[in-house]
Protein chains: 2
Amino acid sequence: MVRSAAELFAGRAYDGVSIDDLVTHLGLHRNSLYKTFGSKRGLYLAALRWSLEHDVAPLIDRVSRAAGPGEGLREALSPPGGGAGLDLLLLAAVERAPVDAEVAELVTRTLDALDAATGVPDGTGDPGDPGDPDGGPGALAVALTSAVLGLRIRARAGAPGADAGRACEALGRRLATR
Amino acid sequence: MVRSAAELFAGRAYDGVSIDDLVTHLGLHRNSLYKTFGSKRGLYLAALRWSLEHDVAPLIDRVSRAAGPGEGLREALSPPGGGAGLDLLLLAAVERAPVDAEVAELVTRTLDALDAATGVPDGTGDPGDPGDPDGGPGALAVALTSAVLGLRIRARAGAPGADAGRACEALGRRLATR
DNA sequence: GAGATTAAGGAACGATCGTTCTTGACTGAG
DNA sequence: CTCAGTCAAGAACGATCGTTCCTTAATCTC
């Protein structure tokens, strides 16, 4: 149920998903929705948390176990389960986080975890260069996960699609050497 | 007028900006809006085109003239003019392009131009590696511009902010060497 | 100066939004 | 059997959405 809601919210913007859409695509009916989740926002938060736990968290696990940075992040773009993947997190970051503090908190915490999972060093020449300088992973890891978000955007926007894998592979190779 | 509309649409989602918001924040009044642009979507498209021409195009110019890939893209994150910058393009790519073919066309064409402006080689080991293999810039350039989009997302989502510059700098250094 | 044209400023429209209330059938305990 | 409680199903609510229409004031032409 919550998973179906997550898939709907991952497909289009928050305002683009109406209560009628939710009621018809899900089995659940109006009364139960408000009884259980309180409001549309409540259901959205539940769906977001579900997606972060069941889609993104396993992905973070696989990334942290991957051989190189490129390999792990390439499969981040095409999740095996066929679920919402990163899309709900992406939409939440772009359109909900700026107007919803609770969403912003969830998003930043998840992205920070994804940064840490890459295991990529800082990459700046600043003092205290390696790994974790002072709280939080390195600048290069932030850039890498940001690239994944951007590639997912371009795939959604209708790019040819196949070159997303090539782009991630090329980037991973550059970051892996040395 | 169109610029003010672009700033509004860059700030929140398309459905989050109402006609009342537009007529109050802009000087223009309802009748003229529909006389001139036909519909809300018409005004949105005009604003998007304006932003692409006045915000993104100069940015692409500066990127193509920058010394290294990192230097040019870092200022892409904090445009000097203080305008909408990449935000309208970003929102258009995430939430409008999947449901509006005309927006998708504008977005993909602009992003392709940004790729080409980086002057970054392909980076894959594929045959025909250097520069433009067959139509369109290299995979590494796609990854680089995608990273810029992702960093802008994280800045909007409430990240500490300062590390976006560090991330872009670190990535630029990695891509410049060799 | 008189008449035609245009734009401003709202009122008003139907549709749809998120939310709540009412109704009717079903279930378990006494 | 009876009755309190639960839940599906949908009607209905006020608010707001995008869009159109109407009235009035200003501008331009002859």
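A, B, ... follow the sequence lines: proteins, then strands. Residue 1 opens every chain. For the numbers below, each heavy atom of this structure counts, side chains included, while hydrogens, waters and symmetry mates do not.
Note: CG (Leu33(B)) to P (dT6(C)) measures 19 Å, nearest angstrom. Rounded to a whole Å, the OH atom of Tyr14(A) is 11 Å from the C1' atom of dC17(C). The separation between Tyr44(A) atom OH and dT19(C) atom C1' is 20 Å, rounded to whole Å. With rounding to whole Å, Arg30(B) atom CZ is found 16 Å from dT23(D) atom C1'. Between Tyr34(B) atom OH and dC13(C) atom P there is a gap of 17 Å when expressed in whole angstrom units. Distance Lys35(B) NZ to dG10(C) P: 20 Å, rounded to the nearest Å. Between the C1' atom of dA7(C) and the NE2 atom of His29(B) lies a distance of 11 Å, rounded to the nearest Å. Rounded to whole angstrom, the span from the CG atom of Asp20(A) across to the P atom of dC17(D) amounts to 18 Å.
Taking every side-chain heavy atom of Ser18(B) into account, dC17(D) is the closest of dC17(D), dC17(C), dA7(C). For Ser39(B), counting side-chain heavy atoms from C-beta on, the closest listed nucleotide (dG18(C), dG9(C), dT19(D)) is dT19(D). In the set dG18(D), dG10(D), dC17(D), the nucleotide with an atom closest to the side chain of Lys40(B) is dG18(D).
Looking at heavy-atom distances under 4.0 Å, Val23(B) makes no contact with the nucleic acid at all.
Asp55(B) places none of its side-chain heavy atoms less than 4.5 Å from the side chain of Asp87(B). Taking the side chain as every heavy atom from C-beta outward, Arg154(B) and Asp112(A) approach each other to under 4.5 Å. Looking at Leu52(A) and Arg109(A), their side chains never come closer than 4.5 Å, going by heavy atoms from C-beta outward.
Along DNA chain C, the nucleotide closest to Asp21(A) and the one closest to Ser32(B) are compared, and the more 5′ of them pairs with Ser32(B).
To the nearest 0.5 Å, atom CG of residue Leu43(B) and atom CG of residue Leu8(B) are 9.5 Å apart.
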